[in-house]
Enquirer: 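Okay, here's the structure, questions in a sec.
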Amino acid sequence: MLNLSERQAVTMHVTFNLKASFIPPFITINAPAETPELQHLATNISQLTNSQLIAGISPRGTRELVPVNQIIRIHTDAKHVVMETKATSYTLTQRIYQLKQLLPSDLFLQLSSGELVNRQHIRHFSLTPSGQVLLSTGATTFVSRRCMQQIRKEFLK
């Protein structure tokens with residue numbers, strides 16, 4: 001632990017290095033050596049960024065907690081709400097409208113009354129009347145007319 005006089009001597013500089021290829025975003029700590037304080041900082045950053053979890057039922061029938069940043073999309077399928085990650089799909093007990101309120105709006109975009117998509121996994125977005133969306137998994141989905149107007153406003157700012 002740093003004492004007060006040492007804290008005044010240590011300054012932390014924050015620099016953004018922005019590139020379109022940094023998906024998902026990551027944080028790098030640059031220092032001359034790894035210290036317990038820096039390890040504590042890394043642990044706190046990790047907990048902060050992965051703090052929100054969604055409980056889903058795996059294909060094996062077990063209840064698992066999934067970090068929000070691992071979710072690619074949430075959609076309805078045969079009257080069930082399904083959450084997709086790179087590894088697997090989970091069944092959820094919540095409804096889409098409940099998840100929309102629960103999930104961070106800066107990370108998830110509502111494409112229709114039955115689908116939410118992680119913005120980081122959108123590879124191509126067509127603003128045509130059909131509103132086709134290509135995801136990082138290669139899956140293609142569509143935007144409803146009701147949501148298209150809001151998405152146009154947001155993406156054409």
Side-chain angles (χ1 to χ4, degrees), residues 12-31 34 38-39 41-157:
M12 179 78 59
H13 297 280
V14 177
T15 304
F16 284 90
N17 183 10
L18 304 174
K19 291 184 183 176
S21 62
F22 289 161
I23 295 179
F26 61 92
I27 296 173
T28 304
I29 298 174
N30 299 304
E34 184 174 296
L38 290 176
Q39 188 60 42
L41 175 64
T43 301
N44 286 342
I45 291 170
S46 179
Q47 288 174 350
L48 178 65
T49 58
N50 296 318
S51 62
Q52 192 172 6
L53 302 169
I54 300 290
I57 301 168
S58 74
R60 297 184 311 251
T62 60
R63 189 171 204 80
E64 296 181 19
L65 295 175
V66 178
V68 167
N69 62 351
Q70 291 182 8
I71 299 169
I72 296 172
R73 75 182 197 160
I74 299 171
H75 62 97
T76 56
D77 184 21
K79 296 189 180 184
H80 294 285
V81 178
V82 178
M83 172 177 64
E84 293 181 11
T85 65
K86 285 184 181 179
T88 191
S89 295
Y90 300 87
T91 304
L92 301 177
T93 56
Q94 300 99 326
R95 300 289 170 226
I96 296 286
Y97 72 90
Q98 294 169 324
L99 292 163
K100 183 178 189 295
Q101 294 172 347
L102 180 69
L103 295 169
S105 61
D106 61 328
L107 187 59
F108 284 88
L109 184 63
Q110 186 167 13
L111 299 183
S112 67
S113 61
E115 185 163 18
L116 298 169
V117 175
N118 187 330
R119 294 170 190 256
Q120 296 175 343
H121 290 278
I122 295 175
R123 291 294 167 254
H124 178 72
F125 185 76
S126 171
L127 289 173
T128 61
S130 64
Q132 190 172 5
V133 178
L134 176 65
L135 301 175
S136 62
T137 60
T140 301
T141 187
F142 296 92
V143 180
S144 71
R145 287 189 312 239
R146 183 181 297 176
C147 294
M148 182 60 87
Q149 185 177 3
Q150 179 63 32
I151 291 171
R152 283 180 197 247
K153 286 180 187 176
E154 192 169 324
F155 278 96
L156 295 177
K157 286 181 184 176

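Values in this document were obtained by computation on a predicted structure and should not be read as measured data.
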Enquirer: Is L116 close to K100 at the side-chain level, that is, under 4.5 Å between some pair of heavy atoms?
Expert: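 Yes - at least one pair of side-chain heavy atoms lies under 4.5 Å apart.
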
Enquirer: Looking only at the side chains, is there a donor atom on one of T141 and E115 sitting less than 3.5 Å from an acceptor on the other?
Expert: yes

Enquirer: From the options R119, Q120, Q52, select the one residue that forms a side chain to side chain contact (heavy atoms under 4.5 Å, CB included) with L107.
Expert: Q120

Enquirer: Which pair of heavy atoms, one from Q98 and one from Q94, lies closest together, and at what distance?
Expert: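 Of all heavy-atom pairs spanning Q98 and Q94, the closest is OE1-CA, 3.3 Å.
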
Enquirer: For the residue pair A31 and L38, what are the closest heavy atoms and their distance?
Expert: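 Looks like CB-CD1, 3.3 Å.
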
Enquirer: What I'd like to find out is whether the side chain of Q70 reaches to under 4.5 Å of the side chain of K86, using heavy atoms alone.
Expert: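 They are not in side-chain contact.
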
Enquirer: Any heavy-atom pair between the side chains of T140 and Q132 that's under 4.5 Å?
Expert: yes

Enquirer: Give me the atom names and distance for the closest heavy-atom approach of V68 to N118.
Expert: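 It is O-ND2, 4.3 Å.
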
Enquirer: Rounded to the nearest 0.5 Å, how far does CZ of F26 lie from CG of N17?
Expert: 7.5 Å

Enquirer: Any side-chain heavy-atom pair from I54 and L103 closer than 4.5 angstrom?
Expert: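 With C-beta onward as the side chain, the pair touches.
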
Enquirer: Nearest heavy-atom pair of S136 and R123: which atoms, and what distance?
Expert: CB-NH2, 3.4 Å

Enquirer: Any idea which heavy atoms bring A55 and R63 closest together, and the distance?
Expert: CB-NE, 4.1 Å

Enquirer: Nearest 0.5 Å, please: how far is CD1 in I71 from CG in L92?
Expert: 7.5 Å

Enquirer: Just so I know, are the side chains of L111 and H75 near enough to count as touching, which here means a heavy-atom distance under 4.5 Å?
Expert: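 With C-beta onward as the side chain, the pair stays apart.
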
Enquirer: Would you give the length of the straight line joining atom CE of M83 to atom CD1 of I72, rounded to the nearest 0.5 angstrom?
Expert: 11.0 Å

Enquirer: Is there a side-chain contact between L134 and I122 (heavy atoms, below 4.5 Å)?
Expert: no

Enquirer: Look up atom OG1 in T85 and atom CG in N69, then write down how far apart they are to the nearest 0.5 Å.
Expert: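 The OG1 atom of T85 sits 11.0 Å away from the CG atom of N69.
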
Enquirer: How many angstroms lie between NE2 in H80 and OG1 in T91, if you round to the nearest 0.5 Å?
Expert: 7.0 Å

Enquirer: To the nearest 0.5 Å, what is the distance between CD (Q110) and OH (Y97)?
Expert: 12.5 Å

Enquirer: Could you pull out the closest heavy-atom pair between P59 and S89, with the gap in Å?
Expert: CD-O, 3.3 Å

